[in-house]
Amino acid sequence: MWEKNKQQLLDRRYLQMADTWAQNSYCKRRQVGALLVKDQMIISDGYNGTPSGFENICEDENNKTKPYVLHAEANAITKVAKSGNSSNGATLYVTSSPCLECSKLIIQAGIKRVVFTESYRLEDGINLLKKAEVKVEQVDI
């Protein structure tokens, strides 16, 4: 029982940190943050935004998200790959449930658990994760 309560407490704390990290995003429509945690250590982080070297403007003149904006999950996964660390067996904490494209990356990166706060409007990403036997949990912070 103690271990479950401790895990729930850690889940909320990591989600709060991901929420704080989301504030680094320059996106106006939606700010999303993500943390990759393995063995109780943060091994990567990310937020939604443009690729390195691009202007920090996520929306076009019609307030539509530009097609090359990276999601927080993709940023965290590519950042850990660049660092030489392994995300195999890690937990991804993200402020919004992953989309289908990010879910593919999560599966390929060997991430075994995804914990999120807000539901994305489409559930196909969550359904794919469940099909791949990735543990998925929604937690209120």
Side-chain angles (χ1 to χ4, degrees), residues 1-60 62-141:
M1 185 67 165
W2 165 248
E3 286 300 314
K4 185 177 180 183
N5 288 341
K6 184 178 178 184
Q7 187 60 57
Q8 290 173 339
L9 180 64
L10 286 171
D11 288 347
R12 283 194 296 277
R13 286 185 177 160
Y14 284 129
L15 284 169
Q16 288 169 338
M17 292 169 70
D19 188 56
T20 299
W21 201 245
Q23 296 170 28
N24 289 316
S25 173
Y26 288 90
C27 297
K28 294 177 183 167
R29 291 181 63 213
R30 186 173 203 175
Q31 294 180 316
V32 179
L35 292 178
L36 260 174
V37 177
K38 186 173 178 179
D39 301 325
Q40 295 186 348
M41 290 187 305
I42 297 169
I43 59 169
S44 189
D45 53 54
Y47 51 87
N48 57 326
T50 56
S52 298
F54 280 63
E55 77 287 350
N56 288 320
I57 301 170
C58 298
E59 294 84 14
D60 63 19
N62 298 317
N63 202 33
K64 287 190 73 173
T65 301
K66 293 179 180 178
Y68 52 83
V69 168
L70 290 159
H71 289 187
E73 304 94 317
N75 265 327
I77 291 168
T78 55
K79 191 173 179 180
V80 76
K82 204 174 183 181
S83 75
N85 285 325
S86 171
S87 56
N88 197 41
T91 297
L92 177 71
Y93 292 91
V94 63
T95 58
S96 180
S97 60
C99 69
L100 183 61
E101 292 303 313
C102 287
S103 292
K104 293 177 196 177
L105 293 174
I106 290 165
I107 293 164
Q108 288 301 98
I111 295 166
K112 296 299 178 199
R113 186 168 173 252
V114 175
V115 183
F116 67 94
T117 48
E118 295 177 12
S119 291
Y120 182 62
R121 60 183 169 81
L122 302 174
E123 292 189 15
D124 48 356
I126 293 295
N127 293 336
L128 182 66
L129 291 172
K130 288 178 180 176
K131 185 175 183 178
E133 298 182 4
V134 174
K135 292 179 186 170
V136 179
E137 298 174 45
Q138 185 171 11
V139 175
D140 289 327
I141 56 171

Any side-chain heavy-atom pair of [X] and [Y] under 4.5 Å:
| X | Y | value |
| --- | --- | --- |
| I77 | I111 | yes |
| K38 | S86 | yes |
| R113 | D11 | yes |
| C27 | V69 | yes |
| T95 | L15 | no |

Under the ring-ring contact (aromatic ring centres under 6.0 Å, His included) test, which residues partner Y26, sequence neighbours left out? none
Say whether, by atom type as modelled, one donor and one acceptor occur between the side chain of D60 and the main chain of N62 under 3.5 angstrom. yes
N/O donor-acceptor pair under 3.5 Å between K28 side chain and C58 backbone: no
Minimum heavy-atom separation for [X] to [Y], with atom names?
| X | Y | result |
| --- | --- | --- |
| P98 | E73 | CA-OE2, 3.2 Å |
| V32 | A22 | C-CB, 3.5 Å |
| L36 | A76 | CD1-O, 3.9 Å |

Only counting residues at least two apart or in another chain, list the ones meeting disulfide bond (SG atoms under 2.5 Å apart) with C102. none
Between the side chains of N75 and Y47, is a donor N or O closer than 3.5 angstrom to an acceptor N or O? no
Selection residues 91-112 - residue pairs positive for salt bridge (Lys or Arg N to Asp or Glu O under 4.0 Å), sequence neighbours left out: E101-K104
Do any pairs count as a salt bridge (Lys or Arg N to Asp or Glu O under 4.0 Å) and have a residue in residues 43-56, sequence neighbours left out, and if so which ones? D45-K79, E55-K66
Only counting residues at least two apart or in another chain, list the ones meeting side chain to side chain donor-acceptor pair (under 3.5 Å) with D19. none
Take atom CG in D140; do more than 12 heavy atoms of anything else shown fall under 6.0 Å from it? no
Evaluate whether atom CD of E137 has more than 12 neighbouring non-hydrogen atoms of other residues, nucleotides or ligands under 6.0 angstrom away. yes
Ignoring hydrogens and angles, write down the donor-acceptor pairs under 3.5 Å from the side chains of residues 118-135, residues two or more places apart or on other chains.
unit_1: E118; atom_1: OE1; unit_2: R30; atom_2: NH2; d: 3.4
unit_1: S119; atom_1: OG; unit_2: Q138; atom_2: NE2; d: 3.4
unit_1: N127; atom_1: ND2; unit_2: E123; atom_2: O; d: 3.2

